[in-house]
Amino acid sequence: MSALIFANPAILLGLIALPVIWWLLRLTPPRPKAEVFPPLRILATVLKREETPSKSPWWLTLLRMALAAAVILAIADPVMNPRANSLNSGGPLVLVVDNSWATAADWERRVQTANLLIDDAESADVPVSITFTADASHEAVPGTAAAARDKLTAATPRPLVPDRARTAQAIREAMNGTRPGTLAILSDGMAAASDDEAMSALSALSPAEMRLIEGDGHSAVALTDAVNNAAAMSVTATRLSTASAQQMNVNALDAQGRALASGTLRFDAGAATATAEIASPFELRNDFARLNIDGLATAGAAHLLDDGFKRRRIALLAGESGSDFQPLLQPLYYISRALLPYADVIQPNTADLSVAIPQILQGNPSAIILADVGRLPAETYAPLQRWIAQGGTLIRFAGPRLAAAPADDPLVPVILRQGERALGGAMSWSEPQSLADFPGFGPFAGLPRAADITVTRQVLAEPTPDLAERTWASLADGTPLVTEKEVEAGRIVLFHTSAEATWSNLPLSGNFVEMLRRLVQLARAGGAASSGSAAEGTAATLAPYRLLTADGVLTTETGTARPIAIAANQVPVASFDHPPGLYGTEDGFSAVNLLAPKTVIARFDPTTAGRPLVREGLAGGEAVSLRPALFAAAFALLILDSLVVLFMNGAFSRVPTRSRTAGSAAAMIAALAFGLFALMPGQSQAQEMAPGAGAKPGDEQILERLDTTHLAYVVTGERDVDSISEQGLEGLSQFLTYRTTLEPGAPVGLDITKDELAFYPIIYWPISATAPMPSQAAISRIDAYMRNGGTVLFDTRDQYSSLDGGGTTPNGERLQAILANIDIPPLEPTPADHVLTRSFYLLTNFPGRYTGSPLWVEARQEAKNTGAQLSSSGDGVTPLLITGNDFAGAWAVDSQGGSVLPTVPPDEMQREYAYRSGVNIMMYMLTGNYKADQVHVPALLERLGQ
């Protein structure tokens, strides 16, 4: 392979004309003669005439010669590292093309490479045999180059792994003893299960030459497994190219293709596998429909999820709670430990089953487990039966309570004999029983029997004709251990022994964990009345519903895909008959993914053929045409030449000298820069995002609220009241700015039904009986605001002085109606030693426009109970303040800074103390415990001294 060739070498003859071009460019025609106005002829003859040279400057000629040479060379099309035709013409060309999922990313280059080989074969007049390793059938008989080209055009990547052995066998039969001239393998670079067999078969053809053509393998990255753990989903991936470290993002998408969460895959240098954690809430993870590697559009980079990947919510109930000091004897201890890795376990916060069961059913769990629960409350049977009929799974464990329960319990799968059966006791003739082999039709099919498990007590089932069909596990003596009954869309499962280790050692074994896991997988992930799993119970035959293309896109075209039989607790793997995709129906389906769990991609090793191979890369990577760069350089030289000619002809003569010089230099630099930019192939311009370009509407306001403290008031809807509130908080803000280091922003009016309240340390709420009553949702938002540490200052503006409901004003009655729906703490008038009285100013009362009402705060429970002289609750600030003194009326100022309303009685010192009350309230809100501790330093020192 030569370093440089010309696609059109005949064009180089144009270089012979360069001397002629040089001679022509050296000639410069004289300028047109200018006639001088006659009166100035004498003066013109005195002046020195300007002479025009007969030849152009050497540097301008050289510039034009370079331009002409660049054009000639560009037309000749020089190519760096061109591909040479070295095809062996001693026999047919045999092309073995991998069209697996890993070739989807660079399929066009592979087609280009194969086309070049077919062109070479056509030039050498040899037949061509072309086959594709991911196709189900092969036509490998050598034919014309045109026929091979048509087959290549019709071929597409398949979402499968290559089967080179089947392809090699088809080629061997088609060649029928004919020796190939060149056997070329366009490999995806990945090893397959039968490569040794395939390479042996191809080597047996005795080709005169073997070539291996591979890509870089960077796109050969696949997701192999996804496990929905307790806190996050764990995703495993494998890759082919392991030379360097690599980082990729994995996105979790819902059924509509929207990204819900993401994780990061980090491959270390030399590592072929990596794991990503996608952390998101349990409910959100159950909405995941597929996983995708960001930036890769291949079937391997997609991992489909079905109902089996979703975590179940399991509710646990027990007949007795047991002792916390003996956790191993608690009925639910072993069940919860077994289920935590596979499901989200919930337990009620009350032992009252009549309350606990309705609460659990509201959450619509996938399954409910009852450990030794006998007779349930009568009112719970009907809702439980409805939940089971709609798809819920009820799992029960026996025990003394269930053994003593009536035999007509509708929530057991079989008819039970009353009482329990003891095995191996002093009063029993029988020995403890071990487990029998699990039957082949239940969910435990294939689970190995643990010989060391023994059962000493059980509840017995009455013999019925269908008992054997409904028995999923039994003891060695044939008595049932696990029975079940289907109830419409749901089922009831009963373990005939206890959930703790008193009746058997089954809860101590690994079989117990696996049995519970399989039962949980049978339960519907979304609970009752949800889209169930398509493969519940035993093996089911499912038709193709949506199939995955090689580009990782789900399509409704099923082609030749056949229905698949998926046995319970088995992970299906894609094949020619069952390509990756979803099998089932819209109501329920099972996912078939490309690679089996724990698959690790390895490199294809062709050395097993025992023949020398020539390794090559794909076409388009090595050969580089210099034509675009030469044309760009010629264009840049043309612009530069034009500027020089304009300058020499005086086009810039009217421009001031400095501007002309700078402009010419800038133009020349721009032209050269353009040429250099064009010389860089593949150069792309990245547009930087302006600051804030990705911000959402309203973000600026949120940032401003967080950056600056604002006083807020509740908008009542009454213009006069809201105007006084805004002017009052503006006056207090100005006073705070003048007297303290706090500089609040402009007051903010809040619509408590929709505005975010958490930005404000205190909210002023003027109560008006004529304003609309806030909705329950708005009051709940205020309640949540106060619970989260905020404070609301309620001002009835009527000298409100009593909270006992007697003789209240309309505004007071409205306040009582609002507070009736809020869980407020006990209140008391502000004590003389409270932090509010000394947080900034020393105050004895808190006047506003009026002076008759006390300022009510949260009662100090500790002071009342212990007699300690604490001036605050000691842990934060009071969640609400109540006054009737009309603070905003005293603080209100107009645009000129003058007071809007007079005080009652008129007294400017009263207004001053109203402002000071506002300052103390704000300092108390913003400093909290700090101010409380500072005020009580003497008391604290005294107590420390004691």
Side-chain angles (χ1 to χ4, degrees), residues 98-110 134 156-162 187-192 214-228 233-268 271-278 288-306 309 546-555 571-575 578-582 591-604:
D98 283 344
N99 60 329
S100 67
W101 63 271
T103 64
D106 55 358
W107 180 248
E108 295 302 325
R109 287 187 61 192
R110 294 176 181 274
T156 57
R158 305 287 185 184
L160 297 167
V161 295
S187 170
D188 59 9
M190 298 186 303
E214 293 179 317
D216 53 21
H218 288 307
S219 61
V221 184
L223 300 177
T224 58
D225 199 10
V227 180
N228 206 353
M233 176 173 282
S234 178
V235 183
T236 305
T238 181
R239 64 172 178 167
L240 178 62
S241 179
T242 61
S244 60
Q246 194 174 9
Q247 181 171 310
M248 299 176 143
N249 289 332
V250 179
N251 297 325
L253 312 178
D254 64 4
Q256 285 73 39
R258 296 170 298 192
L260 301 180
S262 64
T264 303
L265 284 168
R266 291 183 176 87
F267 291 94
D268 297 330
T273 60
T275 301
E277 296 289 331
I278 301 180
F288 292 174
R290 62 182 290 171
L291 305 172
N292 266 78
I293 298 179
D294 194 17
L296 287 182
T298 65
H303 192 83
L304 302 177
L305 305 176
D306 55 19
F309 288 89
R546 297 282 190 275
L547 294 184
L548 201 66
T549 66
D551 296 327
V553 178
L554 281 175
T555 177
V571 179
V573 181
S575 64
H578 311 119
L582 303 176
V592 176
N593 284 298
L594 177 67
L595 301 179
K598 300 182 180 179
T599 299
V600 178
I601 296 177
R603 283 207 168 271
F604 173 49

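Note that the OG1 atom of T103 and the CE atom of M190 stand 8.5 Å from one another [nearest 0.5 Å]. Between the CG atom in L554 and the CG atom in L304 there is a gap of 5.5 Å [rounded to 0.5 Å]. Here the CG atom belonging to L160 is positioned 9.0 Å from the OG atom belonging to S100, to the nearest 0.5 angstrom. Between the CD atom of E214 and the CG atom of D188 there is a distance of 8.5 Å, given to the nearest 0.5 Å. Taken to the nearest 0.5 Å, the OG1 atom of T555 stands 7.5 Å off from the CG atom of L547. Going from atom CG of D106 over to atom CG of D216 covers 7.0 Å, rounded to the nearest 0.5 Å.
In this structure, T236 contributes its side chain and T275 its backbone to no donor-acceptor pair below 3.5 Å. Under the 3.5 Å distance criterion, the side-chain polar atoms of R110 are left unmatched by any main-chain donor or acceptor of A104. Within the 3.5 Å criterion, the main-chain N or O of T156 finds a donor-acceptor partner in the side chain of N99. No side-chain donor-acceptor contact under 3.5 Å links D551 to the backbone of V553.
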Please test T224 against T273 for side-chain contact (heavy atoms from CB on, under 4.5 Å), starting from the C-alpha separation and ending with a verdict.
CA-CA 10 Å; T224 58; T273 60; over 6 Å; no

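When all heavy atoms of A226 and L291 are compared, the pair lying nearest together is CB-CD1, 3.7 Å. Scanning all heavy atoms of the two residues, the minimum distance from L594 to P580 falls at N-CB, 3.9 Å. Across all their heavy atoms, P579 and V592 have their closest contact at O-CG1, 4.3 Å. Across every non-hydrogen atom of A237 and L265, the tightest pair is CB-CD1, 3.6 Å. In terms of heavy-atom proximity, W101 sits nearest to A222 at CH2-CB, 3.7 Å. In terms of heavy-atom proximity, A192 sits nearest to P162 at CB-O, 3.6 Å.
Every residue was checked against the salt bridge (Lys or Arg N to Asp or Glu O under 4.0 Å) condition with R290, not counting sequence neighbours, and none meets it.
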Less than 3.5 Å apart, which donor and acceptor atoms pair up between the side chains of residues 595-604 and the rest of the protein, not counting sequence neighbours?
| residue | atom | partner | partner atom | Å |
| --- | --- | --- | --- | --- |
| T599 | OG1 | A596 | N | 3.4 |
| T599 | OG1 | A596 | O | 2.6 |

Listing, residues 243-255 side-chain donor-acceptor contacts under 3.5 Å, not counting sequence neighbours, or none:
| residue | atom | partner | partner atom | Å |
| --- | --- | --- | --- | --- |
| Q246 | OE1 | R239 | NH1 | 3.1 |
| D254 | OD1 | Q256 | N | 3.1 |
| D254 | OD1 | G257 | N | 3.0 |
| D254 | OD1 | R258 | N | 2.7 |
| D254 | OD2 | R258 | NE | 2.8 |
| D254 | OD2 | R258 | NH2 | 2.9 |

